[in-house]
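Just so it is clear, the values below take in all heavy atoms, side chains as well, and ignore hydrogens, waters and symmetry mates. Atoms within each ligand, like the ligands themselves, are counted from 1 in listed order. It should be emphasised that the depicted structure is a prediction, and the values quoted were computed from it without experimental measurement.
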Amino acid sequence: MGNFDGILKKDSVLEQVKQAEEVVWINPEKTSFEDSMQGCGLGQKDIDEAEQRLLRFAPLIQKYFPETQELNGLIESPLVEIPSMKQFLNEKLEGELEGRLLLKEDSHLAIAGSVKARGGIYEVLKHTEDLILEYGLLKTGESYERLGDPDIRQFFGAYTIQVGSTGNLGLSIGIISAVLGYHVIVHMSADAKQWKKELLRSYGVDVREYQGDYGEAVKRGRALSDAGAKSYFVDDENSRNLFMGYSVAGKRLQKQLEEMQINVDEDHPLFVYIPCGVGGAPGGISFGLKHVFQNHVHCFFVEPVQAPCMLLGMATGLNNEISVQDIGLSGKTQADGLAVGRPSAFVGSVMKKMLSGEMTVNDEKLYDYMRNLLDTEGIFLEPSACAAFQGPVCIVNNTKMKQYLAENALTEKMKNAVHIAWATGGSLVPEEIREEYIHL
Ligand SMILES: *Cc1c(COP(=O)(O)O)cnc(C)c1O
């Protein structure tokens with residue numbers, strides 16, 4: 001642990017991070033969108049490709065998951081305004097949140113009930129398309145609906161998909177893979193919720209549990225997958241495919257904002273607050289949003305005080321070469337989706353000059369926000385997702401945030417601002433577990 005003491009001096013916020021205090025960290029390396037994209041290796045073309053791929057699979061998705069019929073087989077979530085929650089926060093805070101407060105309900109995404117329905121499902125579909133092309137499973141022009149036929153399902157049955165997960169990624173990969181006919185193994189960390197394991201088993205997924213943390217589950221899963229010729233491992237820490245699946249959210253959100261007649265431009269800044277674990281979901285979503293709104297969108301990640309791995313990696317510049325345990329934090333949190341000790345180096349490098357900053361939040365506050373949202377708007381989110389509300393709260397009462405606004409000439413524009421709390425999960429949480437959370 002001692003050998004990291006020097007590096008913690010790199011940024012004064014790190015001493016507080018080490019003490020598990022709530023902090024705001026403003027990214028000193030953030031530059032213009034154009035500049036931030038230099039040497040990134042991914043871009044608009046990759047986002048468009050992901051979007052097209054999801055369209056090709058839409059008929060199949062619609063066939064297997066009738067709940068997606070309304071959106072023609074696309075997996076997308078509502079964007080809703082939450083004025084009562086805004087009013088509640090304003091009454092509680094010393095100050096006023098200017099502008100509008102919206103909730104992006106990825107908590108209600110079809111199939112997996114979390115943000116992982118974006119990246120996870122996309123990655124399995126991408127792998128499936130690779131197999132289709134490699135083995136000529138479809139004739140030219142044939143609809144992907146045909147993939148549901150028994151002969152092709154039987155073909156997929158010879159292949160295994162594996163993933164290490166704290167819960168939600170396993171749910172999304174597990175469900176879609178099992179439904180398509182694959183053999184699936186989900187390697188779960190000890191802190192993964194029991195109900196998530198049970199739900200997966202009900203789909204016929206092979207769920208294996210490990211005593212160590214998430215990193216351990218990933219390591220074992222990868223090793224096992226590498227040993228099998230027909231096995232594919234979904235690599236949460238390094239996957240470009242997951243990332244691109246998340247990035248499609250950018251244009252979709254743009255359309256929803258247009259439908260609500262909400263402008264985002266020079267005078268109407270957009271702020272998004274996204275709960276962060278290993279970084280793929282918030283990174284991919286931010287990447288997509290940046291391509292649409294460029295310098296007018298300000299992306300913030302939120303992490304638990306005991307597991308601020310992305311903040312630590314970015315602020316020290318060490319990326320995945322430092323873990324929260326290295327500075328004496330536990331990595332343990334009730335926000336199971338965010339219980340990650342070491343960030344994705346890939347996401348850290350893409351976000352290096354793109355991310356505006358980060359907030360950290362205490363576990364107890366997650367439950368407060370959860371109850372507040374339920375009381376004011378009647379919307380239930382899981383604890384991980386509630387981290388998003390630390391964003392608007394810090395905008396109002398944190399001096400570093402105020403400084404960020406001033407330095408970016410935003411202070412005067414805040415009355416026109418739109419804040420989006422990105423609700424990353426919750427709709428699949430069973431009723432009895434909800435009751436337990438609410439009365440905690
Ligand atoms: C996975 C997850 C996140 C964070 O995504 P990462 O890709 O791990 O950063 C946030 N909220 C919920 C509910 C999640 O399941």
With respect to atom 4 (C) of ligand 1, which of G284, S107, G277 exhibits the smallest heavy-atom separation?
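Selected option, by shortest heavy-atom distance: G277.
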Quiz item: cation-pi between K290 and F33, 6.0 Å / 45°
no
Taking only Lys NZ, Arg NE, NH1 and NH2, and the carboxylate oxygens of Asp or Glu, determine whether D336 and K196 approach each other closer than 4.0 Å.
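The answer is yes: the pair qualifies as a salt bridge.
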Which protein non-hydrogen atom lies closest to [atom], naming both residue and atom, and how far is it?
atom                    : answer
atom 10 (C) of ligand 1 : L338 CD2, 3.3 Å
atom 5 (O) of ligand 1  : A281 CB, 3.3 Å
atom 12 (C) of ligand 1 : T424 OG1, 3.3 Å

Any N/O of [X] closer than 3.5 Å to an N/O of ligand 1?
X    : result
V278 : yes
P282 : no
N168 : yes
K116 : yes
V115 : no

What atoms in ligand 1 come closer than 4.0 Å to a heavy atom of [X]?
X    : answer
P275 : 4 (C), 10 (C)
C276 : 9 (O)
G280 : 6 (P), 7 (O), 9 (O)

Looking at M188 and A192, what are the two nearest heavy atoms and their distance?
SD-CB, 3.5 Å
Check L131 against Y182 and note the closest heavy-atom contact, atom names and distance.
CD1-OH, 3.6 Å
Below 6.0 angstrom between ring centroids: does that apply to [X] and [Y]?
X    : Y    : result
Y210 : H187 : yes
Y404 : H298 : yes
Y367 : Y437 : yes

Are F300 and Q390 close enough, and set up right, to give a side-chain contact (heavy atoms from CB on, under 4.5 Å), and what steps lead you there?
CA-CA 10 Å; F300 291 88; Q390 187 75 348; over 6 Å; no
